[in-house]
There are 2 protein chains.
Amino acid sequence: MSNKNIGIKDVAVAAGVSVTTVSHVLNDVSYARISPETRDKVRAISEQLGYGPNRLAQALRTQRTGMLGLVSEEIATTPHAGRIILGADEAARARGYNLMIINTSGSASPESRQADVETLLERRVDGILYATMYHRNVELPANLGSVPSVLVDSVATGGNITAVIPDEEGGARAAVGALLEAGHTRVGFINNTDDVPATRQRLQAFRATLTEAGLDGDAAPVESEISEVQGGYEAARRILAGEDPPTGLFCYNDRMAMGAYRAAAELGLSIPADLSIVGFDDQELIAANLYPGLTTVALPHYEMGAWATEHLIDAVEGKTDLALMALHPTILSCPLVRRDSVAAPRQ
Amino acid sequence: MSNKNIGIKDVAVAAGVSVTTVSHVLNDVSYARISPETRDKVRAISEQLGYGPNRLAQALRTQRTGMLGLVSEEIATTPHAGRIILGADEAARARGYNLMIINTSGSASPESRQADVETLLERRVDGILYATMYHRNVELPANLGSVPSVLVDSVATGGNITAVIPDEEGGARAAVGALLEAGHTRVGFINNTDDVPATRQRLQAFRATLTEAGLDGDAAPVESEISEVQGGYEAARRILAGEDPPTGLFCYNDRMAMGAYRAAAELGLSIPADLSIVGFDDQELIAANLYPGLTTVALPHYEMGAWATEHLIDAVEGKTDLALMALHPTILSCPLVRRDSVAAPRQ
DNA sequence: GTTCTTGTTGCTCATCTGTCTCCCACGTCC
DNA sequence: GGACGTGGGAGACAGATGAGCAACAAGAAC
């Protein structure tokens, strides 16, 4: 246990050497020529005294804090933030960095966002991770550019900052593919009404995948609603009310899928025997707990957090040029998570 | 937007005064005697240059970082962590502090926990918040004591550190009370099997509340299972299979309540007409999204995070003596959140 | 009316925080 | 008199802090 009051000076005195020597030994300075005996003694005494460097003083001198700022939207309300934080924390720690976290809101004003970044800057973080809660376009605080920064789950409207985003299209293709693979030929899509990239890309991928499989993608039924349970319920009721209703349903997210489950139950449709459903998000609390378990597409929040951190640190350490990566956002795949809500359609 | 390269020295030169004077003005040093004109000029120039103090240098000199360490279990998997973080972040920011977050696991080794605290200590945080994911007893890393610390959602086995915990008993009483108030006389409890304070206290409160209402608390049906959806389902099937089954069910948590919903559906019991259910936790994703919405008891995670932070800062600033508060944990109430799963029993 | 004392105002100097890093010093052996 | 082996000194990082120093004014002593 390190005693906070012990400094390099105390170690130096106890070991009978200079502060310089202790610093040289403990930092393994390449050009320092110090005898093995002295080295051993310094290390032993340092250990014995429970010495730990004062990272503040270190940072002040070296101009490196080893701290990364993470400004994240809606930490409390979505589990997604937690996964990004976890991915970032683990990646950071593996390389000796720590995270300073600041919560913000999706609806925060530009001034407030700027103040958040400012706080991080005053603390001299080495880099900043800017995470939004769902994939969308954002305009960034102007001061973000003053240290290396990476966007997580969004791209900048100006578009010249490195970003990681999920492969919406690939995920949607996987979801529809699972339905197709099970033998479904009448597949519907319950979509979101928000104008975000996911809405458009998933819809487009939905139609394309059907068309490529020889079905009429353009004619496939699509119903849009607010992306919550209630919206999913309403959209499902509508889509299942048509004649010749779909036997497979791709839902914009797990919450809407949950609504679709209820609609199915009310209509006496059993899942997956009468109706197969695939969701999106893999919100454990929902997807794993519905009955039957929901087959869904996972968003790579952990991976995006880790990827962003990894590359941010590379940039901080001069191993990478973020400007080059900023040309196109990096796209991480959204794997299908198979549970029990998909089966072959009834004959 | 503060230019990171501007220091107090630049402001001093631009204003034609000494560094000391700038420092005195900007920090409103009480004993400094500086003319109003000079003050105004310094402030104006500082603003104009976009000067912001380097918090590292400040911290080095003042021995105050204005940073609080938060080690939290399972950031990614439970939304509870998010609410604690949010409460802590908002309370901290309101007082000019920031949070350094470290994730740990509920099953982390003592060494790893100690290393986490050590990391925080090396960075010279002013205080530490130690948050667990559910109310339980923990043994703490030995080095936690070296700075002011507060436990969130748990009490130390040694028991001499300030802690905030939820009012399990009050919450359970409120839950059972809601059922009683609606007119139920046959009330059952679906409990957890883990040996944690919540399990015992909720059970005890369940029986006591019934007894105090003139019912036979000791005879009331209780079934225990793993505290997940499946466990809730199984326990509910058992409890509802008896003769004269309960018309009101208090569930250990929302996940178990979700299982009870399914059991009820399978038995043809409509909620709340045939069966009233109350949960615990208020996990939005579940409680608000079940149909009908689940009446449940909210755990004060946000409040605990805020309370802990508030008092930790008081201690850091010498306004409070944590040792005094350590005698007994502070208990925060668990309010009932009414939705639509409780109604009067059928005659 | 001059000089001395005492006080006040306005600001600066020197030093400190803990660590790193460039450059130099000392002794010894060829 | 270099080369080598060992190690130390003195800033510098950016700001905080308390003692101290001019400059000037008012009051007191003569």
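Because only heavy atoms are used, hydrogens play no part in the values below, and waters and symmetry mates are left out as well, while side chains stay in. A note on names: the letters A, B, ... follow the listed sequences, proteins ahead of strands, and every chain is numbered from 1.
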Task: Side chain A:D89, main chain A:I85, donor-acceptor under 3.5 Å - done: no
TODO: Send over the distance from A:Q58 CD to C:dT17 P, rounded to a whole Å.
DONE: 18 Å
Open item on the list: Does the plane of the ring in A:Y31 sit parallel, tilted or perpendicular to the ring in A:H24? Use 30° and 60° as the thresholds.
Closed with: perpendicular
TODO: Classify the nucleic acid contact of A:V19 as base, sugar-phosphate or nothing, counting any heavy atom under 4.0 Å across all strands shown.
DONE: nothing
Task: For atom OH of A:Y31 and atom C1' of C:dT21, their distance in whole Å - done: 4 Å
- [ ] Quick one: label A:S35 by what it contacts on the DNA or RNA (base, sugar-phosphate, nothing), any heavy atom closer than 4.0 Å.
- [x] sugar-phosphate
TODO: Would you please confirm or rule out a distance under 4.0 Å between OP1 or OP2 of C:dC16 and any side-chain N or O of B:Q63?
DONE: no
TODO: With the side chain of A:T20 defined as its heavy atoms from C-beta on, choose the nearest nucleotide among D:dG18, D:dA14, D:dG9.
DONE: D:dG9
TODO: Could you check how far CD of A:E122 sits from P of D:dA14, rounded to whole Å?
DONE: 15 Å
Open item on the list: Expressed as a whole number of angstroms, how long is the span from B:H24:NE2 to C:dT9:P?
Closed with: 16 Å
Open item on the list: Side chain of A:S18 only, heavy atoms from C-beta on: which candidate in C:dC11, D:dG9, D:dT17 is closest?
Closed with: D:dG9
Task: First of A:T38 and A:A57 reached from the 5' end of DNA chain D, by closest nucleotide - done: A:T38
Open item on the list: Donor-acceptor check, side chain of A:R64 to backbone of A:V316, threshold 3.5 angstrom: yes or no?
Closed with: yes
Open item on the list: Side-chain N or O of B:Y51 versus OP1/OP2 of D:dG15: is the shortest distance under 4.0 Å?
Closed with: yes
Open item on the list: Could you tell me how far apart B:R64 (CZ) and D:dA14 (P) are, to the nearest whole angstrom?
Closed with: 24 Å
- [ ] Assign each of A:R39 and B:P53 to its nearest nucleotide of DNA chain D by heavy atoms, then name whichever residue's nucleotide is nearer the 5' end.
- [x] A:R39
- [ ] Quick one: label A:V17 by what it contacts on the DNA or RNA (base, sugar-phosphate, nothing), any heavy atom closer than 4.0 Å.
- [x] sugar-phosphate
Open item on the list: Distance check needed: D:dG5 P versus A:I34 CD1, whole Å only.
Closed with: 14 Å
Open item on the list: Can you measure B:R123 atom CZ to C:dT19 atom P for me and round it to whole angstrom units?
Closed with: 14 Å
TODO: Answer yes or no: is there a donor N or O on one side and an acceptor on the other, between the side chain of A:T309 and the main chain of A:G305, under 3.5 Å?
DONE: yes
Open item on the list: Can you tell me if B:N27 touches the phosphate of D:dA16, counting only side-chain N or O atoms and a distance under 4.0 Å to OP1 or OP2?
Closed with: yes
Open item on the list: Side chain of B:S23 only, heavy atoms from C-beta on: which candidate in D:dC13, C:dT17, D:dT17 is closest?
Closed with: D:dT17
Open item on the list: If I take atom CD in residue A:E37 and atom C1' in nucleotide D:dG5, what distance separates them, rounded to the nearest angstrom?
Closed with: 12 Å
Open item on the list: Donor-acceptor pair, distance only, cut-off 3.5 Å: does the side chain of A:R93 make one with the backbone of B:N103?
Closed with: yes
Task: Residue mapping more 5' on DNA chain C - nearest nucleotide basis, B:G16 or A:L60 - done: B:G16
Open item on the list: Using heavy-atom distances to pick each residue's nearest nucleotide on DNA chain C, tell me which of B:T21 and B:T62 is more 5'.
Closed with: B:T21
TODO: Ignoring hydrogens and angles, tell me if any N or O in the side chain of A:S72 forms a donor-acceptor pair with the backbone of A:I75 under 3.5 Å.
DONE: no
